Amino acid sequence: MFFRLNPECYFIMGEKCGAIFDLIDAAIYVLSKEEAETVLSCEKNNPVREDEKSFLLELRQFCLGNFYTNKIYIQKLRIGSPVLDQLINRPPELFRAFLEINNSCNRECWFCGYHGTKRSLGCMGCNRFEENGEPLTLERWKELIDQLVDLECENIFITGGDLTLAWEKTMSILDYASGKFTNIYIILHQQSVSIDIMNDLADRAKVIIQAGKSIDNYFENSIYILTISPDEWINNQWNIKDKNTIIDFAISDPHSLTSDLPIMSKMKMSSALHQFMSNTKFHPCLGHTVAIGCNGDVAPCPMMKNHNLGNLRDMDFHTIFGRRGKGIYKFWELTLDKINKCNGCEFRYACIDCRALEENLTGIAEGKMLCSYNPKEGKWI
């Protein structure tokens, strides 16, 4: 007798334990060392031992697999074409583009990227940076938007300093981009948001509002980024008024991080089909993402400007993307299989990861500090 997992169920072995990912129900089943070894043996088409039957019957009751009288090959569920994956000149799959159309601001916010603040959601928040070179013109931004459309980019984020200081340019870009992307987001500081501004943005973009420490004014149907310190989270010194508020942690001392912080605990993971399959080939955040600075510089993330991939002032996207395995692909294909500590974790294809913050905290591109799971022991700290 043999036992095999169903096509939609992927088994991932860690250094000690393992996990079964049900990609249809988006459920993760955590296995002990002994259970993982049993499933691993079954997936190798080894005969079922008598002492393994009761556990395997449990898996069948959860609709994760079945018994067979003979050895059997199970074609795993997947998306996409294996033929397309091997094409040398395959066009890039671009999902997200950050367009920093402005870099001016009159504020001196403590969490700003200008000060080098280490943030868990810096890419989604309000920032300005120290950049050289003249800003791209409005006409050049429109040309780049057309190129993003040709690349079938799905989502764009309009950002950069205080956009209300360049509001005419911002509105021109929003109007030009209208209807060309699945989602258009605009990132604003809460002190720049007013009823008039929100009326201008109606039906043009989804608004992300940056707040530091507390939310002063609440606008419906907006996403709030609330930047606080880990100590403020632990001591409940923060104010969330809506479920659309996302906590952004600003870290000054990485050695003071505690295991109960949301950025340390990865207990809330998803094994949805598309995300899981993408994570086996691409980084969960950097993958399919590009950031364009106000001066045209290209980076893999708005918070990773130390990795300059070229400038779009006089060249087009196809030059920036170049060949597979190089340039931006080096960051796109930085799966957690290539990250220290993560490569031995059974949850690596369902986990989130911020390379910008990890690199900032550890000093190396493949470092890992923000995790409270020990794959060597199979235990949460």
Side-chain angles (χ1 to χ4, degrees), residues 92 94 96-119 121-148 151 153 156-170 172-174 176-177 185-189 192 210 227 250 285-286 289-322 326-332 334 354-361 363-365:
L94 187 56
R96 290 175 295 271
F98 291 86
L99 280 57
E100 296 174 5
I101 65 172
N102 175 59
N103 194 38
S104 60
C105 184
N106 297 326
R107 300 185 184 88
E108 289 292 335
C109 299
W110 63 274
F111 51 77
C112 183
Y114 185 82
H115 303 298
T117 307
K118 304 175 181 67
R119 297 171 58 183
L121 273 177
C123 61
M124 298 289 292
C126 179
N127 288 289
R128 69 181 176 95
F129 300 96
E130 188 171 354
E131 293 183 344
N132 298 318
E134 291 294 318
L136 296 181
T137 65
L138 175 59
E139 290 308 311
R140 184 55 179 159
W141 279 116
K142 290 181 179 179
E143 292 171 357
L144 294 177
I145 286 173
D146 288 337
Q147 292 181 29
L148 289 172
L151 289 169
C153 180
I156 63 169
F157 294 78
I158 307 298
T159 183
D162 182 355
L163 291 175
T164 61
L165 299 180
W167 199 237
E168 184 177 346
K169 179 181 180 180
T170 300
S172 295
I173 289 176
L174 286 175
Y176 190 78
Y185 299 90
I186 185 170
I187 301 172
L188 299 171
H189 192 286
S192 298
Q210 169 74 66
T227 302
C285 185
L286 295 181
T289 301
V290 66
I292 310 166
C294 184
N295 61 356
D297 283 345
V298 177
C301 165
M303 307 305 289
M304 298 180 74
K305 292 185 178 293
N306 55 315
H307 297 285
N308 192 329
L309 303 174
N311 188 283
L312 290 172
R313 183 178 301 279
D314 302 312
M315 64 177 65
D316 294 330
F317 273 108
H318 66 86
T319 307
I320 296 296
F321 283 102
K326 297 182 179 181
I328 200 166
Y329 286 107
K330 182 175 68 173
F331 297 92
W332 281 20
L334 187 61
C354 177
R355 275 299 92 203
L357 182 55
E358 294 286 5
E359 183 181 47
N360 206 329
L361 294 175
I364 57 175

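The model shown is predicted, which means the values in this text are computed figures rather than measured ones.
- In this structure, the side-chain hydrogen bond (donor to acceptor under 3.5 Å, both in side chains) partners of Tyr176, at least two apart in sequence or on a different chain, are Asp146.
- In this structure, the side chain to side chain contact (heavy atoms under 4.5 Å, CB included) partners of Ser192, at least two apart in sequence or on a different chain, are Arg107, Asp162, Thr164, His189.
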**side chain to side chain contact (heavy atoms under 4.5 Å, CB included) assessment of Leu94 paired with Trp332** = CA-CA 10 Å; Leu94 187 56; Trp332 281 20; 3.8 Å; yes
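- Interatomic distance, Gln210 CD to Thr227 OG1, rounded to the nearest 0.5 Å: 4.0 Å.
- The closest side-chain heavy-atom distance from His307 to Arg355 is not below 4.5 Å.
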- Message: Under the criterion side chain to side chain contact (heavy atoms under 4.5 Å, CB included), I'd like the reasoning laid out for Asn127 against Met303: C-alpha separation, chi angles, the key distance, then a yes or no.
- Response: CA-CA 9 Å; Asn127 288 289; Met303 307 305 289; 3.9 Å; yes
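- Taken from CZ in Arg313 to CD1 in Ile292, the straight-line distance is 12.5 Å, to the nearest 0.5 Å.
- Using a 4.5 Å heavy-atom threshold, the side chains of Leu144 and Phe317 count as touching.
- For the residue pair Leu136 and Lys169, the shortest heavy atom distance occurs at O-NZ, 3.2 Å.
- To the nearest 0.5 angstrom, Cys354 atom SG is 10.5 Å from Arg119 atom CZ.
- To the nearest 0.5 Å, atom CZ of residue Phe157 and atom CG of residue Leu99 are 11.0 Å apart.
- Heavy atoms from other residues, nucleotides or ligands lying under 6.0 Å from CG of Asn306 number more than 12.
- Atom-to-atom distance recorded for Trp141:CH2 and Leu312:CG is 8.0 Å, nearest 0.5 angstrom.
- Between His115 and Cys109, the shortest heavy-atom contact is CD2-O, 3.1 Å.
- Distance check, rounded to the nearest 0.5 Å: CG of Leu334 to SG of Cys285 gives 11.5 Å.
- Pairing each heavy atom of Cys112 with each of Thr117, the nearest pair is O-OG1, 3.4 Å.
- Residue Phe331 comes nearest to Leu286 through the heavy atom pair O-CB, 3.8 Å, listed as atom of the first residue, atom of the second, then distance.
- Pairs engaging residues 123-135 under the salt bridge (Lys or Arg N to Asp or Glu O under 4.0 Å) rule: Glu108-Arg128, Glu131-Lys305 [sequence neighbours left out].
- Looking at every heavy atom in both residues, Asn295 comes nearest to Asn311 through O-ND2, 3.1 Å.
- Heavy atoms only, all atoms of each residue included: Phe129 and Pro302 are closest at CZ-O, 3.5 Å.
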What do the steps show when you test Thr170 against Asn102 for side chain to side chain contact (heavy atoms under 4.5 Å, CB included), and what is the final call?
CA-CA 9 Å; Thr170 300; Asn102 175 59; 5.8 Å; no
task: Go through Leu163 and Leu188 one step at a time and tell me if the side chain to side chain contact (heavy atoms under 4.5 Å, CB included) criterion holds.
output: CA-CA 7 Å; Leu163 291 175; Leu188 299 171; 3.8 Å; yes
